[in-house]
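Contents: one structure, followed by commentary.
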Amino acid sequence: TIDLSCSGVCFRTQDILIPGTSLDMTIFLNKTRSVVLNGRVSWNKIEKGQRLAGVEFEKPSSEEQEMILNYAFEVAPDNLVEHWFSGWDS
């Protein structure tokens, strides 16, 4: 995983993921916590010799968003402030 927010994820992949494709994903936040989300491929590109894909989560629940937010705060609190609540439902 390159980047994870409450609204989506960017990750490295060997597969060509077509924009608009629906995905069921399990994102492991640590050894004991994971979150299962549905998403839709927004984009894919090759950058610095690596294939990347961006997936937008489809209607993540408040609980799923909170799990991701808590993970982000534990791992990189400075980055959390920089990207303050991107995609968070009001």
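Quick caveat: nothing in here was measured; it's all calculated off a predicted structure.
- Here SG of Cys6 is found 5.0 Å from CG of Leu69. Values are rounded to the nearest 0.5 Å.
- Grouped by direct or indirect side-chain proximity (heavy atoms under 4.5 Å, Ile/Leu/Val/Met/Phe/Trp/Tyr only), Phe28 sits alone.
- Val36 has its side chain out of reach of Met25: every pair of non-hydrogen atoms, C-beta onward, lies at least 4.5 Å apart.
- Looking at residues two or more places apart in sequence or on another chain, you find no salt bridge (charged side-chain N to carboxylate O under 4.0 Å, His left out) involving Arg51.
- The distance from the CD atom of Gln14 to the CD atom of Gln50 is 11.0 Å, given to the nearest 0.5 Å.
- Exactly one of Thr26, Leu4, Ile27 qualifies for a side-chain contact (heavy atoms from CB on, under 4.5 Å) with Val35. That residue is Ile27.
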Show your working on side-chain contact (heavy atoms from CB on, under 4.5 Å) between Val9 and Asp3 and close with a plain yes or no. CA-CA 6 Å; Val9 63; Asp3 190 26; over 6 Å; no
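- A salt bridge (Lys or Arg N to Asp or Glu O under 4.0 Å) check over residues 28-39, counting only residues at least two apart or in different chains, returns the pairs Arg33-Glu74.
- Rounded to the nearest 0.5 Å, atoms CG (Leu52) and CG (Asn44) are 9.0 Å apart.
- Taken to the nearest 0.5 Å, the CZ atom of Phe57 stands 6.5 Å off from the OG atom of Ser5.
- Within the structure, salt bridge (Lys or Arg N to Asp or Glu O under 4.0 Å) contacts touching residues 39-50 (residues at least two apart or in different chains) are Arg40-Glu58, Lys45-Glu47.
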Pair Met67-Leu29, side-chain contact (heavy atoms from CB on, under 4.5 Å): steps then yes or no: CA-CA 8 Å; Met67 287 178 68; Leu29 302 174; 4.1 Å; yes
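- A distance of 5.5 Å separates CG of Leu17 from CZ of Phe11, quoted to the nearest 0.5 Å.
- Take Asp24 and apply the side chain to side chain contact (heavy atoms under 4.5 Å, CB included) test, not counting sequence neighbours, and it matches Asn38.
- Distance check, rounded to the nearest 0.5 Å: OG1 of Thr13 to CG of Asp15 gives 4.0 Å.
- Remark: Thr32 pairs with Asn30 by the side chain to side chain contact (heavy atoms under 4.5 Å, CB included) rule, at least two apart or across chains.
- Glu56 meets the side chain to side chain contact (heavy atoms under 4.5 Å, CB included) test with Ser42; sequence neighbours excluded.
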